[in-house]
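Here is the structure we will look at.
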Amino acid sequence: MQAELSFIDLFLQASLLVKLVMIILLAMSVWGWVLIFQRRKVLNQAQKDALKFEDRFWSGVDLARLYQEISARAKNARGMELMFHAGFKEFARLRNQSAGSNQSMLEGAFRAMRVAHAREMEKLDSHLGTLATIGSISPYIGLFGTVWGIMNAFIALGAVQQATLAMVAPGIAEALIATALGLFAAIPAVIAFNRFTTRAEKIDSQYMNFIDEFTSILQRQALAKLSKEKVEGESL
């Protein structure tokens, strides 16, 4: 309680600029923690959805049936299932065009999945730049407040004939609080940014692996259709 009162007293006694710096740093710290919890929830959900869809995809379910299930709730589709839906839809559309070649079907499906992939990664990477900004500039803002506070303390000290430690200590203490607040805002933001970036990269790798694997499956289906049409043509 005594420490809390001392902090409040030092804040009230600080100069206007140092108070402004402290308020900015506290606001950045609060905003950083809001983003940390929000990003953590988004990444956890994305990873959970990816694992759930992979289990469903590799369970041997018919791809056309899976596509119909996702189409029924297309507005709520996200992550890996959204990429599957976009790729299969484009593949089926091009396959129904008699003039389309196997290569064009595969390229069209791949492009559709890459577009869906890019949109999903934008959601996962959203606000990570803000965390990086908070982590990088907070210490400098705090340092600015500290330098300003110490400068004012020494200016006031030079105005008296007999200087004592008790006269300069409060000014230095209130100035150092700005540095402490800067580190308090920066450290969690930097740790969260590094951790969330690593997790986003892992999810991105999962997405890209699925796109490659699904493209291979579509290629086999296209070749199987071509072989069937060739056999039917020879029988005629």
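Keep in mind the model is a prediction, meaning the values are calculated, not measured.
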**Fill in**
Hits for side-chain contact (heavy atoms from CB on, under 4.5 Å) against F184, two or more places apart or cross-chain, chain-then-number order -> S29
[Y] and [X], any side-chain heavy atoms less than 4.5 Å apart:
{"X": "Q206", "Y": "E54", "answer": "yes"}
{"X": "L63", "Y": "F91", "answer": "no"}
{"X": "I203", "Y": "E120", "answer": "no"}
{"X": "L124", "Y": "Y207", "answer": "yes"}
{"X": "M208", "Y": "R114", "answer": "yes"}
{"X": "L82", "Y": "R119", "answer": "no"}

Hydrophobic cluster membership, [X] vs [Y], 4.5 Å side-chain cutoff:
{"X": "V115", "Y": "M83", "result": "no"}
{"X": "V147", "Y": "L176", "result": "no"}
{"X": "L143", "Y": "L26", "result": "no"}
{"X": "F37", "Y": "L128", "result": "yes"}
{"X": "I187", "Y": "Y140", "result": "no"}

**Request:** Determine, stepwise, if the pair F196 / V42 fulfils side-chain contact (heavy atoms from CB on, under 4.5 Å).
**Result:** CA-CA 10 Å; F196 292 159; V42 169; over 6 Å; no
Which heavy atom in [X] sits nearest to a heavy atom in [Y], and how many Å separate them?
{"X": "P188", "Y": "L183", "value": "CD-O, 4.2 Å"}
{"X": "R56", "Y": "V61", "value": "O-CG1, 3.3 Å"}
{"X": "G142", "Y": "V21", "value": "CA-CG1, 4.4 Å"}
{"X": "G135", "Y": "A186", "value": "O-CB, 3.5 Å"}
{"X": "A109", "Y": "G87", "value": "CB-O, 3.4 Å"}
{"X": "V18", "Y": "G145", "value": "CG2-O, 3.7 Å"}

[Y] backbone acceptor or donor facing [X] side chain under 3.5 Å:
{"X": "S205", "Y": "E201", "result": "no"}
{"X": "D204", "Y": "A200", "result": "no"}
{"X": "T197", "Y": "N194", "result": "no"}

Rounded distance (nearest 0.5 Å) linking atom [atom1] of [X] with atom [atom2] of [Y]:
{"X": "I211", "Y": "M80", "atom1": "CD1", "atom2": "CE", "result": "8.5 Å"}
{"X": "L25", "Y": "T179", "atom1": "CG", "atom2": "OG1", "result": "9.0 Å"}
{"X": "I141", "Y": "L20", "atom1": "CD1", "atom2": "CG", "result": "10.0 Å"}
{"X": "W33", "Y": "I134", "atom1": "CH2", "atom2": "CD1", "result": "11.5 Å"}
{"X": "M105", "Y": "Q103", "atom1": "CE", "atom2": "CD", "result": "10.0 Å"}
{"X": "I191", "Y": "I36", "atom1": "CD1", "atom2": "CD1", "result": "8.5 Å"}

**Prompt:** Should we count NZ of K89 as having more than 12 external heavy atoms under 6.0 Å?
**Reply:** no
**Asked** Between F214 and F84, how do the two ring planes meet: parallel, tilted or perpendicular, split at 30° and 60°?
**Response** tilted
**Request:** If the plane angle is over 60° it's perpendicular, under 30° parallel, otherwise tilted; pick one for Y67 and F88.
**Result:** tilted
**Message:** Let's go through M28 and I137 carefully: what are the C-alpha distance in whole Å and the side-chain angles of both, what is the deciding distance for side-chain contact (heavy atoms from CB on, under 4.5 Å) to 0.1 Å, and is it a yes or a no?
**Reply:** CA-CA 10 Å; M28 292 176 69; I137 69 173; 3.7 Å; yes
**Request:** Please say which of R39, M121, Q38 ends up in a side chain to side chain contact (heavy atoms under 4.5 Å, CB included) with S126.
**Result:** R39
**Item:** salt bridge (Lys or Arg N to Asp or Glu O under 4.0 Å) partners of residues 76-87, not counting sequence neighbours, each pair once
**Value:** D49-R78, R73-E81
**Prompt:** Can you list the steps and then say if F210 with T215 is a side-chain contact (heavy atoms from CB on, under 4.5 Å)?
**Reply:** CA-CA 8 Å; F210 170 76; T215 301; over 6 Å; no
**Request:** Determine, stepwise, if the pair Q47 / L43 fulfils side-chain contact (heavy atoms from CB on, under 4.5 Å).
**Result:** CA-CA 6 Å; Q47 198 165 30; L43 290 170; over 6 Å; no
